[in-house]
Amino acid sequence: MKRSRIVNILASQEVGATVTVAGWLRTKRESKGGFCFIELNDGSCLRNLQVIAEERLSNYREEVLRLQTGSALRVSGTVLESPGRGQAVELRAEVIELLGETDPESYPLQKKRHSFEFLRTIAHLRPRTNTFGAVARVRNAISFAVHRFFQERGFIYLHTPIITGSDCEGAGAMFRVTTLELDRAPLLDGHVDFSMDFFGSPANLTVSGQLEAEAYALAMGDVYTFGPTFRAENSNTPRHLAEFWMVEPEMAFCDLDGNVELATDFLKFVFSYVLDQCREDMEFFKRFIDPTCVDTLEKLISQDFERLSYTEAVQILSKAEESFEFPVDWGCDIQAEHERYLCEKVFHRPLVLTDYPKTIKPFYMKVNRDKKTVRAMDVLVPKIGEIIGGSQREDDYQTLLDRMNELEINPDAYRWYLELRKFGSAPHSGFGLGFERLVQFVTGMSNIRDVIPFPRTPGNISF
RNA sequence: UCCCCGGUAGCUCAGCAGGUAGAGCGGGUGGCUGUUAACCACUUGGUCGGCGGUUCGAGUCCGUCCCGGGGAGCCA
């Protein structure tokens with residue numbers, strides 16, 4: 001018989017139905033009255049299905065009574081109304097098949113709460129816990145919401161390269177990709193001769209698909225990427241990964257205002273979708289992870305994001321009575337403490353900061369008329385900080401070239417990117433969103449390593 | 001990479017002023033019960049992160065390295 005998902009059995013509550021389910025045993029409670037209770041979870045939802053196993057089963061004594069937490073089972077039986085509290089229906093087993101047993105001495109998961117630090121050391125088993133199951137389902141829902149949002153608005157999903165030839169995109173250290181043997185690399189004048197390498201020149205893992213997305217935006221109108229991104233920074237924080245997923249929309253004929261509008265619409269859409277589709281998991285996060293997470297999302301959907309310029313932000317900060325570790329001065333970068341102060345103490349809501357000094361932003365951002373600021377935007381949310389960073393792009397050939405020379409970036413490496421400003425250039429804008437930070441914000445999970453299945457961080461590649 | 005805190009049983013932790021290790025949970029056995037992180041009794045369980053030093057004696061003090069957490073920087 002075809003396997004039913006537990007989520008559907010619990011939702012339909014079809015008493016009398018004959019079903020087959022399969023999953024992993026979470027807990028078992030024995031009764032000497034000749035039966036036992038088995039809680040089965042198949043990952044389809046947070047809740048378990050209570051299975052009633054009775055003595056009359058042919059393998060009751062030899063197998064059923066010896067079942068351990070973690071065992072894989074297939075159960076066929078009848079859905080019945082449950083006389084006990086805590087569940088509306090339960091499954092009275094006719095057949096219980098042990099598919100994979102578990103040695104209780106060595107199985108690391110117990111039927112009690114584990115620390116996230118410990119669970120990180122068993123990343124292959126942690127999806128069998130309530131929290132990581134819920135994270136996986138919510139992450140999946142957010143992914144789907146991302147695609148749905150852009151698809152409904154006519155954006156083209158674009159696959160930008162993972163391996164890139166540009167060695168400096170201004171977004172941090174990169175991972176080198178090579179087929180050369182490190183201890184016997186061919187040398188030329190004392191340096192590694194990359195003409196002997198696979199691509200004939202140095203190659204790296206991408207830190208952003210933005211530049212390539214711009215090329216397609218200036219042909220297709222609106223595009224977005226959603227893929228893996230790599231940063232070789234030695235960042236050891238609960239907000240950084242060496243491998244993470246990034247969402248990057250890029251829109252032709254769109255200025256900074258349109259960009260801000262898309263970013264806020266996007267966040268609101270995702271939050272609504274998750275609250276709508278993952279109610280049970282979200283209630284779990286509210287109860288065990290962050291009591292404010294559901295309220296926060298509900299508030300964000302209804303309220304407007306505060307928008308102010310960098311200059312205005314600096315004015316507010318310099319008048320603040322708060323004592324900051326880093327002094328506030330026009331031209332300085334806004335520090336994490338400043339972001340938190342503005343978000344959590346002044347406005348009590350997410351913030352869109354725009355028009356930063358050009359000296360603290362990358363070369364590709366459009367320079368304002370004042371020649372001092374660029375059309376940049378950062379979306380800041382409480383706790384996480386910067387969740388979105390974007391800008392209107394410089395679309396004037398000469399200005400972009402001047403900026404590159406100013407920052408000592410070799411234009412030769414960006415010839416094709418510059419050409420986009422030569423042939424049918426148009427105003428265009430886009431942003432990048434760290435997908436895991438979004439999942440963190442939605443779920444309230446405090447460490448980014450717990451919202452991606454197998455986190456890659458400095459010194460950690462065990463799974 | 002920098003600052004602070006931590007690493008003791010499978011897990012979560014206690015171990016006060018240096019005197020050769022404890023609890024709860026888990027596992028095992030038995031009992032009880034339409035049970036809900038079930039309950040009760042008994043039982044099992046440790047190179048006290050690694051290396052070096054001080055000392056008659058180090059989980060405890062010192063040095064160093066490794067790992068984890070929090071904060072900062074870099075950023076998404």
Side-chain angles (χ1 to χ4, degrees), chain A residues 26-39 47-54 66 68-70 80-87 90 92 102-122 125 129-130 169-173 206-210 228-248 263 288 324-326 333-337 339-340 360-362 378-381 384-390 431-441 446-452 457-460 462:
Chain A
R26 282 291 179 82
T27 91
K28 184 189 68 180
R29 294 179 290 273
E30 282 174 45
S31 167
K32 285 295 182 292
F35 60 96
C36 66
F37 301 93
I38 293 168
E39 297 242 3
R47 280 191 290 164
N48 305 322
L49 178 65
Q50 176 163 281
V51 174
I52 311 301
E54 294 161 312
R66 290 191 199 157
Q68 301 290 349
T69 300
L80 298 175
E81 209 172 301
S82 177
R85 285 177 199 171
Q87 62 281 317
E90 61 191 23
R92 184 185 189 220
T102 297
D103 171 25
E105 289 282 355
S106 49
Y107 187 61
L109 287 174
Q110 303 171 2
K111 28 187 183 181
K112 63 161 198 169
R113 211 191 148 103
H114 289 289
S115 68
F116 293 146
E117 291 85 349
F118 170 66
L119 292 172
R120 266 171 233 148
T121 69
I122 48 166
L125 296 172
T129 64
N130 288 336
E169 293 183 23
T206 185
V207 292
S208 167
Q210 180 200 316
T229 310
F230 308 88
R231 302 276 166 92
E233 297 288 351
N234 189 10
S235 299
N236 293 288
T237 85
R239 300 180 307 282
H240 289 88
L241 292 166
E243 176 183 292
F244 64 100
W245 287 63
M246 191 147 70
V247 178
E248 294 179 291
F288 292 105
F324 296 116
E325 190 188 337
F326 295 90
D333 219 342
I334 303 251
Q335 301 291 321
E337 56 172 346
E339 293 177 353
R340 265 204 306 279
I360 57 172
K361 288 292 182 185
D378 281 3
V379 179
L380 312 176
V381 293
I384 309 290
E386 185 182 338
I387 196 169
I388 285 179
F431 63 79
L433 166 123
F435 185 69
E436 283 74 19
R437 288 195 184 165
L438 182 61
V439 179
Q440 265 190 285
F441 184 70
S446 56
N447 196 312
I448 200 165
R449 300 169 192 206
D450 299 328
V451 296
I452 189 167
T457 53
N460 183 355
S462 308

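In what follows, chains are A, B, ... by sequence order, proteins preceding strands, each numbered from 1. All values below were derived from every heavy atom in this structure, side-chain atoms included, with hydrogens, water molecules and symmetry-related copies excluded.
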N/O to N/O distances under 3.5 Å, protein versus nucleotides 25-27 of chain B:
| unit_1 | atom_1 | unit_2 | atom_2 | d |
| --- | --- | --- | --- | --- |
| B:rG26 | O4' | A:Gln110 | OE1 | 3.4 |
| B:rG27 | O2' | A:Glu105 | OE2 | 2.7 |

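When the nucleotides B:rG34, B:rA76, B:rC74 are ranked by their closest atom to the side chain of A:Glu90, B:rG34 comes out on top. Nearest nucleotide to the A:Glu117 side chain, out of B:rA76, B:rG69, B:rG70: B:rG69. Of the candidate nucleotides B:rA76, B:rG69, B:rG73, B:rA76 has the atom nearest to the side chain of A:Arg437. The side chain of A:Asn447 lies closest to B:rG69 when the candidates are B:rU35, B:rA72, B:rG69. Taking the side chain of A:Arg113 as heavy atoms from C-beta on, and the options B:rG68, B:rA72, B:rA37, the nearest nucleotide is B:rA37.
Residues A:Ala242 and A:Ala336 each lie close to RNA chain B; by heavy-atom proximity, the contact nearer the 5' end of the strand is made by A:Ala336.
In this structure, A:Phe118 reaches the sugar-phosphate backbone alone: every heavy-atom distance under 4.0 Å involves primed, P, OP1 or OP2 atoms, never a base.
Close to B:rC74, at under 4.0 Å from its OP1 or OP2, lies no side-chain N or O of A:Asn236.
Residue side chain A:His240 reaches the base of B:rC75 through a donor-acceptor N/O pair under 3.5 Å, judged by distance alone.
If you check B:rA58 for Watson-Crick or wobble pairing at under 3.5 angstrom, you find it has no partner at all.
Residue A:Phe244 and nucleotide B:rA76 are classified as a stacked aromatic pair, their ring centres being separated by less than 5.5 Å at an interplanar angle below 30°.
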